[in-house]
Amino acid sequence: MDKVEYDQDNKKLSFSDFKKMMITNKYDPFFHKTKRFVSQNEFRVVLGGKNTVTNSDHYILEIGRLESAQIFDLKSFSDLGFRVIKNSRE
């Protein structure tokens, strides 16, 4: 998980560079977009591993209503945690 960087306009990769990146950090491409989307100010969570949804281009993570959500001003994401709670409808 990390904040999306809007730097793809400046950071164009060749196919060989992309292949190298996929070996060293295969999740990195999910955190880069063009400046056109900078107003989205996204934070992404990438779920990977052998239990990842396959044969699909996306996964919808239902987080429910944000009635008790809080906004924190963070300087770093190093202390941020993410917990998965199984849906009772499963």
Partners passing salt bridge (Lys or Arg N to Asp or Glu O under 4.0 Å) against Glu42 (at least two apart in sequence or in another chain): Lys33, Arg44
Sorted by chain and residue number, the side chain to side chain contact (heavy atoms under 4.5 Å, CB included) partners of Asp9 (sequence neighbours excluded) come out as Thr34, Lys35
Spacing of His32 atom NE2 and Asn10 atom CG [to the nearest 0.5 Å]: 12.0 Å
Euclidean distance, Asn25 CG relative to Phe30 CZ, rounded to 0.5 Å: 10.5 Å
Quick one: name the residues clustered hydrophobically with Val38, using the 4.5 Å side-chain heavy-atom rule over I, L, V, M, F, W, Y, and just say none if it's on its own. Val4, Tyr6, Phe37
Among residues at least two apart in sequence or on other chains, which ones pass side-chain hydrogen bond (donor to acceptor under 3.5 Å, both in side chains) with Ser16? Ser14
Which value, rounded to the nearest 0.5 Å, describes the distance between Phe31 atom CZ and Met1 atom CE? 9.5 Å
Quick one: name the residues clustered hydrophobically with Phe15, using the 4.5 Å side-chain heavy-atom rule over I, L, V, M, F, W, Y, and just say none if it's on its own. none
